Amino acid sequence: MYRAALACLAAVLAQPAAAAECREEVYKDVEYAICDVDLSRDALQLFLYDEEGTRPYGYFGTLNTALKNKGLSLGFATNAGMYHDDRAPVGLYIEDGETVQSVITRAGPGNFGLLPNGVFCLREDRVDVIETLRYVEDKIDCPNATQSGPMLVIDGELHPRFLPNSTSRFVRNGVGTSDDGQIASFVISNSPVTFHAFASVFRDHLGLRNALYFDGNVSRLRAPALGRNDIGFGALGPILGVVEGLPPKEPAATEAEQDGIEDKEE
């Protein structure tokens, strides 16, 4: 019995990392698709150009095919920031330590330039939405990052330019992060909403203190658990997705364990 139990436990531990948890919820009469990525479990990655570095993946299907060639697959995925006609990112974009586009701090036209905007910062052990000027001033090191705008929620406050009585409604998507940096909650509205209503979902419904807007009508979501794989009418720029089929992540060392490691090194 004991050996059988150990065998079952080993089989569970050997399974590939789990997929993001996705669901649909109604908040103030609007339905939203919400996907929570747990950084301690899910392998979240940024993608832009193919292996040759010449063409953007553009579509979830194209990216999934490339991953399948490596024995992996794409789980949850979404567009990850604004881009030009050639699919190059508008603002900061860093992938695997390589900077493709430098950070932009000035105000400008469109939603991206509606300051404050922000940076989605993906590190090995945490993920954060950071207001752009703070990212620059604090010289935060992010091996993977994408800039977009505007910020939806800044330290618990909605963007100051959002109006409750606005008449501008679009399908919108964005991301908010937990204070401990372990959870990234991706949200897309299933019908057109105002900026104020969309930002309120992150702060008042999900309880997140920092959130960033990704885009409007071009927004797309891949959520196999919801039977959803948006195709759209054109190629995307940056994509954020969970890679499935990788070995499970090893749990981070506790403070006591880390002290033990350092003692041995001495």
Side-chain angles (χ1 to χ4, degrees), residues 20-39 42 44 46 76-82 91 111-112 114-123 126-135 142 145-166 168-223 225-226 228 230 238 240-242:
E21 296 182 355
C22 296
R23 63 194 184 277
E24 290 182 326
E25 294 183 359
V26 175
Y27 179 67
K28 292 191 175 180
D29 299 323
V30 177
E31 185 178 67
Y32 299 89
I34 303 170
C35 291
D36 292 329
V37 174
D38 184 338
L39 213 64
D42 302 322
L44 182 63
L46 268 168
F76 153 82
T78 188
N79 52 296
M82 299 172 187
N111 291 326
F112 182 92
L114 184 62
L115 302 185
N117 57 24
V119 173
F120 180 81
C121 171
L122 177 59
R123 290 169 275 192
R126 66 178 295 132
V127 61
D128 296 280
V129 166
I130 306 167
E131 190 270 322
T132 297
L133 293 182
R134 186 167 76 83
Y135 168 86
C142 296
T146 181
Q147 183 184 9
S148 192
M151 286 284 285
L152 297 169
V153 187
I154 313 108
D155 295 330
E157 299 293 330
L158 300 191
H159 193 291
R161 297 284 295 276
F162 295 169
L163 303 175
N165 59 351
S166 172
S168 177
R169 289 181 170 83
F170 292 93
V171 168
R172 304 183 189 274
N173 83 315
V175 61
T177 51
S178 60
D179 288 346
D180 65 2
Q182 295 305 293
I183 304 294
S185 295
F186 296 87
V187 180
I188 184 170
S189 64
N190 287 344
S191 59
V193 292
T194 66
F195 263 131
H196 190 278
F198 189 58
S200 296
V201 174
F202 289 93
R203 186 189 67 175
D204 302 333
H205 184 56
L206 298 179
L208 301 174
R209 300 180 66 253
N210 288 282
L212 178 65
Y213 183 64
F214 275 155
D215 220 325
N217 281 344
V218 303
S219 301
R220 282 173 235 171
L221 175 68
R222 174 184 168 91
L226 301 179
R228 184 164 174 175
D230 301 345
L240 269 163
V242 169

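Keep in mind that what you see is a predicted model, and the values were worked out from it rather than measured.
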With sequence neighbours excluded, what pairs up with [X] under the side chain to side chain donor-acceptor pair (under 3.5 Å) test?
{"X": "Asp29", "result": "none"}
{"X": "Ser200", "result": "none"}
{"X": "Thr78", "result": "Asn173"}

Are [X] and [Y] side-chain neighbours, meaning at least one heavy-atom pair lies under 4.5 Å?
{"X": "Asp42", "Y": "Phe76", "value": "no"}
{"X": "Phe198", "Y": "Phe162", "value": "no"}
{"X": "Leu39", "Y": "Arg123", "value": "no"}
{"X": "Val187", "Y": "Leu206", "value": "yes"}
{"X": "Leu240", "Y": "Leu44", "value": "yes"}
{"X": "Ile183", "Y": "Asp38", "value": "yes"}

Just by distance, do the side chain of His159 and the backbone of Leu114 share a donor-acceptor pair under 3.5 Å?
->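 Such a contact is found between His159 side chain and Leu114 backbone.
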Look at the side chain of Asn79 and the backbone N and O of Arg220, then say whether any donor-acceptor pair between them is shorter than 3.5 Å.
->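 Yes: the side chain of Asn79 pairs with the backbone of Arg220.
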Give me the atom names and distance for the closest heavy-atom approach of [X] to [Y].
{"X": "Ala80", "Y": "Leu46", "result": "CB-CD2, 4.0 Å"}
{"X": "Pro150", "Y": "Leu212", "result": "O-CD1, 3.8 Å"}
{"X": "Ser168", "Y": "Ser166", "result": "N-OG, 3.2 Å"}
{"X": "Thr146", "Y": "Gly81", "result": "OG1-CA, 4.4 Å"}
{"X": "Ser185", "Y": "Leu208", "result": "CB-CD1, 3.8 Å"}
{"X": "Ala223", "Y": "Cys35", "result": "CB-SG, 4.2 Å"}

Quick one: do Thr177 and Asp128 satisfy side chain to side chain donor-acceptor pair (under 3.5 Å)? Show the steps, please.
-> CA-CA 6 Å; Thr177 51; Asp128 296 280; 4.8 Å; no
Would you find more than 12 non-hydrogen atoms of other residues, nucleotides or ligands less than 6.0 Å from Arg161 atom CZ?
->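 No, CZ of Arg161 has 12 or fewer neighbouring heavy atoms, counting only those of other groups under 6.0 Å.
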Say you draw a straight line from [atom1] of [X] to [atom2] of [Y]; how long is it, rounded to the nearest 0.5 Å?
{"X": "Phe202", "Y": "Phe186", "atom1": "CZ", "atom2": "CZ", "value": "9.5 Å"}
{"X": "Ser219", "Y": "Phe214", "atom1": "OG", "atom2": "CZ", "value": "10.0 Å"}
{"X": "Tyr27", "Y": "Asp204", "atom1": "OH", "atom2": "CG", "value": "4.5 Å"}

Using side chain to side chain contact (heavy atoms under 4.5 Å, CB included) as the criterion, list what pairs up with Arg209, not counting sequence neighbours.
->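 Residues passing side chain to side chain contact (heavy atoms under 4.5 Å, CB included) with Arg209: Asp155, Asp179.
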Partner set under side chain to side chain contact (heavy atoms under 4.5 Å, CB included) for Val218, not counting sequence neighbours =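 Listed in chain order: Tyr83, Asp215.
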Audit row: Val175, Val129, side chain to side chain contact (heavy atoms under 4.5 Å, CB included) steps and yes/no | CA-CA 8 Å; Val175 61; Val129 166; 4.1 Å; yes
Can you spot which of Asn117, Val153, Leu152 makes a side-chain contact (heavy atoms from CB on, under 4.5 Å) with Tyr213?
->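 Output: one option passes, namely Leu152.
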I would like to know whether Arg23 and Glu25 meet salt bridge (Lys or Arg N to Asp or Glu O under 4.0 Å); could you show each step before the answer?
-> CA-CA 7 Å; Arg23 63 194 184 277; Glu25 294 183 359; 2.5 Å; yes
Taking distance alone, no hydrogens or angles, what donor-acceptor pairs closer than 3.5 Å link side-chain atoms of residues 188-195 to residues at least two apart or in another chain?
{"from": "Ser189", "atom 1": "OG", "to": "Arg172", "atom 2": "N", "distance (Å)": "3.0"}
{"from": "Ser189", "atom 1": "OG", "to": "Ser191", "atom 2": "O", "distance (Å)": "2.9"}
{"from": "Asn190", "atom 1": "OD1", "to": "Arg228", "atom 2": "NH1", "distance (Å)": "2.9"}
{"from": "Asn190", "atom 1": "ND2", "to": "Glu24", "atom 2": "OE2", "distance (Å)": "3.4"}
{"from": "Asn190", "atom 1": "ND2", "to": "Glu31", "atom 2": "OE1", "distance (Å)": "2.9"}
{"from": "Thr194", "atom 1": "OG1", "to": "Ala197", "atom 2": "N", "distance (Å)": "3.0"}

